[in-house]
Protein chains: 4
Amino acid sequence: MSREEKKNEIFRAASQVFFSKGFEKTKIEDIAKQAGIGKGTVYEYFESKLQLFEETIAFYHQNVINSLCEALARWENIGDKIKAYAQFMTEIISNHIHLFELMADSRVMAREMGAVILESNIRMGDVLLEAVTEAISKGELRPDLEPRLITSTILGTVTQYCSLKIMFSEPETQKIDYDRLVDAVMRGVGAEAISNQTS
Amino acid sequence: MSREEKKNEIFRAASQVFFSKGFEKTKIEDIAKQAGIGKGTVYEYFESKLQLFEETIAFYHQNVINSLCEALARWENIGDKIKAYAQFMTEIISNHIHLFELMADSRVMAREMGAVILESNIRMGDVLLEAVTEAISKGELRPDLEPRLITSTILGTVTQYCSLKIMFSEPETQKIDYDRLVDAVMRGVGAEAISNQTS
Amino acid sequence: MSREEKKNEIFRAASQVFFSKGFEKTKIEDIAKQAGIGKGTVYEYFESKLQLFEETIAFYHQNVINSLCEALARWENIGDKIKAYAQFMTEIISNHIHLFELMADSRVMAREMGAVILESNIRMGDVLLEAVTEAISKGELRPDLEPRLITSTILGTVTQYCSLKIMFSEPETQKIDYDRLVDAVMRGVGAEAISNQTS
Amino acid sequence: MSREEKKNEIFRAASQVFFSKGFEKTKIEDIAKQAGIGKGTVYEYFESKLQLFEETIAFYHQNVINSLCEALARWENIGDKIKAYAQFMTEIISNHIHLFELMADSRVMAREMGAVILESNIRMGDVLLEAVTEAISKGELRPDLEPRLITSTILGTVTQYCSLKIMFSEPETQKIDYDRLVDAVMRGVGAEAISNQTS
DNA sequence: CATGAATGAGCCTTCATTCAT
DNA sequence: GATGAATGAAGGCTCATTCAT
């Protein structure tokens, strides 16, 4: 196994543990065990716990971004892209919810790592920004709004709504109506939106 | 000073320190110093560091919610309420940004406490939900959308956009166009929104 | 209440707590509460926790010695005095056993305070020594043995046997045959003792 | 050095320190220093200070019991066994007295650990009980007395007398007349004992 | 006098990091 | 390279003692 592959092994183990316990509560030994290696070996690949954490988060973000790009590339028009993004977020949040539930008392840690997801959002914003800019030029999105504002509307709405649905709904009622979600973003929540509809 | 007032004193100090350093990096001694009392005194009022943290966060949330309720109560129609909410969020985020900047290496800790703001969002959602429900019945908002979805759109968009503006803009360009923000939420980001406009 | 009476109040409270918890596990506050006074008040009467402990132990020893003297004075010949002493010890040990049982985890503390009883023994030895010396001169005890040795035989046997009986017997079988105990001490445990018996 | 050997090393160091300072006044660091290792290393071998203490005491008791068994096994008749036991106790008490004297203010701690010796006594009782039972069946000891009572007489007398001699005598006069000690136990302290003697 | 809120020295314990094997 | 035994810095928490009321 090459050095790079080994690092990835450790990243995978570290993601698991960091996400379920948070930075401080995670012991290097936990990660080593999870990766099936010795404690000292971790230090052959990473300078310190903090560096490992930073790189693990970066690795995580990169994975997320790559997956998102793939997911968006499959669709042509912006509505479909938004829907794809919402489905993607649902999956990510669900994965982490699962991790959190493993922990009985994950209050503090959930907080800490929850914020990593926030960070992801910022980065996803950059990916979406491209799609948004393109959609504006194609006449799919309002040209009179700052592209960043449109991106924020999409991102914010999706994150907020999906989190809510997953975290606070009973498992069987977690069905999210993605079409309506896209509709709310595209046509707005104001009453005029439907009074003016052509169809 | 009554016991309750003293606890509030400690809450204020604890908020400061917890928000700038995060839970784990905060030493009880730090909080005591900030409050101008001895280390042992903290333990006269709180069982443990964790309990102090939990109660401090609850205290913080309560303050936020109270302020938000006041801010919303000053306005009649939903557009103004959204604008008020956006201005309120701007202020909160600015305050925390300020705290983070005090710390040299606040990356990790910022993550942790950033999530507390997320938690606030969930709670703010409940406050907004009332306003939204009322606005729907007054015909200001679309009745065909789940109220929770509308709330998420407002909350998510505002949080995302304001965070972005404050965190990544140069100070002098932090001007946020609140009216446009409200417009994006109310009329949507899709191109139809403006093609159908009456004026 | 005079200063001396108040000190005695505190001694009584302190005995209770010290005997059930040991020196280190006892908090001044425990004693204050037990005595029905404030923590600070204890310091009006005693310099420090250690001093309070030393004086409490001395107070305890004095009480024991006084009671023992009274118990012994009631009897004329040495056999009866030994029996009286054995009954006295049974009572003391029972009292302390009771205290220990109040505590869930009294292992360590029992050790510590158990030794105070040992100390009592040394002092009781001095009281018994007088009775022994007198009994020797009255021809009741062997004149060819060092009085201290006789005292040790009485004290040691009684303490050991009574402790055993009380600590490790089922409550209902705690009956101690005091006459046989005295007999063992007076006539010895060797087989000759009975082969030579006159009766 | 094997794990078990290392634990024994720590036991030896811990015995030293616990016996001279008592449980509470002993710092883990003291033990580590005495054992020539780091503070954290102690925790590689023992869960907590309390566990280390309990196991150290058990280790001590085991050693004492083993040595006692060896000492008793060397002799045939019960008189010699009692003498051997008395010499054994003298040695143990002398060792601990030495430790106590190292400490200027060992009053409190001496108490605490002195009680460990008491505990030893209880265990030694079980060992002696065997020898006593055997001696009864061989006709060396009175069959009309409860074996436990005989054991208590031996144990109690020896412990009490030897402690007294060692603790309160000037070093040069510590000579203990073991034969007379055995005689007191075997023939009793009553005057009849000698009036009935055959010789 | 009596009180108990305030204090901070002190210690157990954890765990990132090192390094001999 | 890989390992895990050894280390000691660091921090939460306790409680004897003080002192303002």
### Message
Whole angstroms only, please: what is the CD1-P distance between D:I31 and F:dT7?
### Response
15 Å
### Query
Any side-chain N or O of C:Y45 under 4.0 Å from OP1/OP2 of E:dA2?
yes
### Message
What is the separation between atom CG on C:D30 and atom P on E:dG4, rounded to the nearest whole Å?
### Response
15 Å
### Query
Any idea how B:F19 and B:Y60 line up, ring-wise: parallel (<30°), tilted (30 to 60°), or perpendicular (>60°)?
tilted
### Message
Any non-hydrogen side-chain atom of C:I57 less than 4.5 Å from a side-chain atom of C:F18?
### Response
no
### Query
Rounded to whole angstrom units, what separation is found between the CD atom of B:E29 and the P atom of F:dA9?
17 Å
#### Entry: Any side-chain donor near an acceptor of the partner, D:N66 and D:Q62, under 3.5 Å
yes
### Query
Paired with E:dT21 by Watson-Crick or G-U wobble geometry, both distances under 3.5 Å: which nucleotide is it?
F:dA2
### Message
Working note: B:E54 + B:Q51, criterion side-chain contact (heavy atoms from CB on, under 4.5 Å); need CA distance, chi angles, decisive distance, verdict.
### Response
CA-CA 5 Å; B:E54 304 277 17; B:Q51 201 205 68; 5.7 Å; no
### Summary
In whole angstroms, the gap separating P of E:dG10 from CD of D:E24 amounts to 16 Å
### Summary
Per nearest nucleotide of DNA chain E, the residue lying toward the 5' end, A:Y43 or C:V42, is C:V42
## Note on the structure
Among the nucleotides F:dT3, E:dT13, E:dT17, whichever has the atom closest to the side chain of D:S48 is E:dT13
### Task
Using whole Å, report how far NZ of B:K49 lies from C1' of E:dT14.
13 Å
## Note on the structure
Per nearest nucleotide of DNA chain E, the residue lying toward the 5' end, B:K6 or A:I28, is B:K6
### Message
Should the side chain of D:K39 and the base of E:dT13 be counted as holding a donor-acceptor pair, with the cut-off at 3.5 Å?
### Response
yes
## Note on the structure
Here the distance between atom C1' of E:dA5 and atom NZ of B:K7, to the nearest Å, is 16 Å
### Message
Tell me the interatomic distance from D:L52, atom CG, to E:dC11, atom C1', rounded to whole angstroms.
### Response
15 Å
### Task
Name the nucleic acid region contacted by D:F46, choosing base, sugar-phosphate or nothing; use a 4.0 angstrom heavy-atom cut-off, strictly under.
nothing
### Task
Counting heavy atoms from C-beta on, name the nucleotide in F:dG12, F:dG1, F:dA6 closest to the side chain of D:E44.
F:dA6
### Query
B:K25 NZ to E:dA16 P: how many Å, rounded?
11 Å
### Task
Let me see the working for A:E44 and A:K6 under salt bridge (charged side-chain N to carboxylate O under 4.0 Å, His left out), right down to the final yes or no.
CA-CA 11 Å; A:E44 294 289 325; A:K6 191 101 179 197; over 6 Å; no
### Message
By nearest atom, which of the nucleotides F:dT7, F:dG12, E:dC12 is closest to the D:K27 side chain?
### Response
E:dC12
